[in-house]
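Here's the structure we're looking at; comments come further down.
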Amino acid sequence: MRNRAGSANVVEVMQTTRHPRRFLAAILIALLAVAGCATSGASSPAGATAPPAHAVTSPEDAAALVVASDPRFEGLKPLDPEIIGASRWWEASANEDGSFTVKVTIGWGDCPAGCINRHLWTYRVSREGVLELLEESGIEVPASLAP
């Protein structure tokens with residue numbers, strides 16, 4: 001309906017005694033419009049991640065998702081036991097249920113000797129690419145180590 005100025009965004013209230021069904025229909029339409037506006041820009045719940053474009057099929061795929069999920073993990077490489085002094089790495093393995101476990105380690109403080117301080121995150125990654133933080137332990141990572 002339009003008001004006298006010709007604007008379409010004003011709902012004219014009809015006489016309830018003459019057209020009660022139209023009145024109720026107008027209210028229902030207005031409520032649905034408000035509900036649609038409220039949900040159209042909704043974001044995903046905190047902690048949830050959008051699934052990747054393809055299924056997660058390997059520990060390396062799972063680790064890539066975990067590394068991409070947190071700026072502190074930028075540049076992480078897989079654990080290489082031959083490297084002395086490594087301070088940042090991930091380890092990933094497949095689980096019997098088709099999911100993957102990814103462990104991320106960031107260390108600091110005399111890492112050539114094995115790192116005095118460490119922080120560890122353990123994630124479960126589903127085949128659909130959903131990340132679940134299972135455990136987090138260790139000393140809080142200093143802001144100076146952030147990328």
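Atom set for the values below is all heavy atoms of this structure, side chains included, hydrogens, waters and symmetry mates excluded.
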task = Report the residues that fulfil side-chain contact (heavy atoms from CB on, under 4.5 Å) with Thr122, sequence neighbours left out, ordered by chain and then residue number.
result = Thr101, Lys103, Leu120, Leu134, Glu135

ask   = Partners of Ile83 by side-chain contact (heavy atoms from CB on, under 4.5 Å), sequence neighbours excluded?
value = Asp80, Ala86

ask   = Rounded to the nearest 0.5 Å, how far does CH2 of Trp121 lie from CG of Leu131?
value = 14.0 Å

query = Is a side-chain N or O of His119 found less than 3.5 angstrom from the main chain of Ile106, in a donor-acceptor match?
reply = no

query = In Å, rounded to the nearest 0.5 Å, how long is the span from CG of Leu76 to CD of Glu91?
reply = 11.5 Å

task = Could you tell me which non-hydrogen atom of Val125 sits nearest to which non-hydrogen atom of Gly129, and how far apart they are?
result = CG1-CA, 4.3 Å

query = Nearest heavy-atom pair of Ala94 and Phe100: which atoms, and what distance?
reply = CA-CD2, 3.6 Å

key: Taking every non-hydrogen atom, the tightest pair across Tyr123 and Ser69   = OH-OG, 4.4 Å

ask   = What's the shortest heavy-atom distance between Val102 and Ala92, and which atoms?
value = CG2-CB, 4.0 Å

key: Summary of salt bridge (Lys or Arg N to Asp or Glu O under 4.0 Å) pairs that have at least one residue in residues 114-126, sequence neighbours excluded   = Asp97-Arg124

key: Those residues that, when tested against Pro78, pass side-chain contact (heavy atoms from CB on, under 4.5 Å) (two or more places apart)   = Trp90

ask   = Do any pairs count as a disulfide bond (SG atoms under 2.5 Å apart) and have a residue in residues 70-112, sequence neighbours left out, and if so which ones?
value = Cys111-Cys115

ask   = Yes or no on side-chain contact (heavy atoms from CB on, under 4.5 Å) for Val141 and Trp108, after CA distance, side-chain angles and deciding distance?
value = CA-CA 9 Å; Val141 179; Trp108 63 97; 4.1 Å; yes

message = Looking at every heavy atom in both Arg88 and Arg72, which two are closest together, and how far apart are they?
response = NH2-O, 2.6 Å

inquiry  = Can you list, by chain and residue number, the hydrophobic cluster partners of Leu79 when the side-chain cut-off is 4.5 Å?
reply    = Trp89

message = Tell me the closest heavy-atom pair linking Ser99 and Ser126, and the distance in Å.
response = CB-CA, 4.2 Å

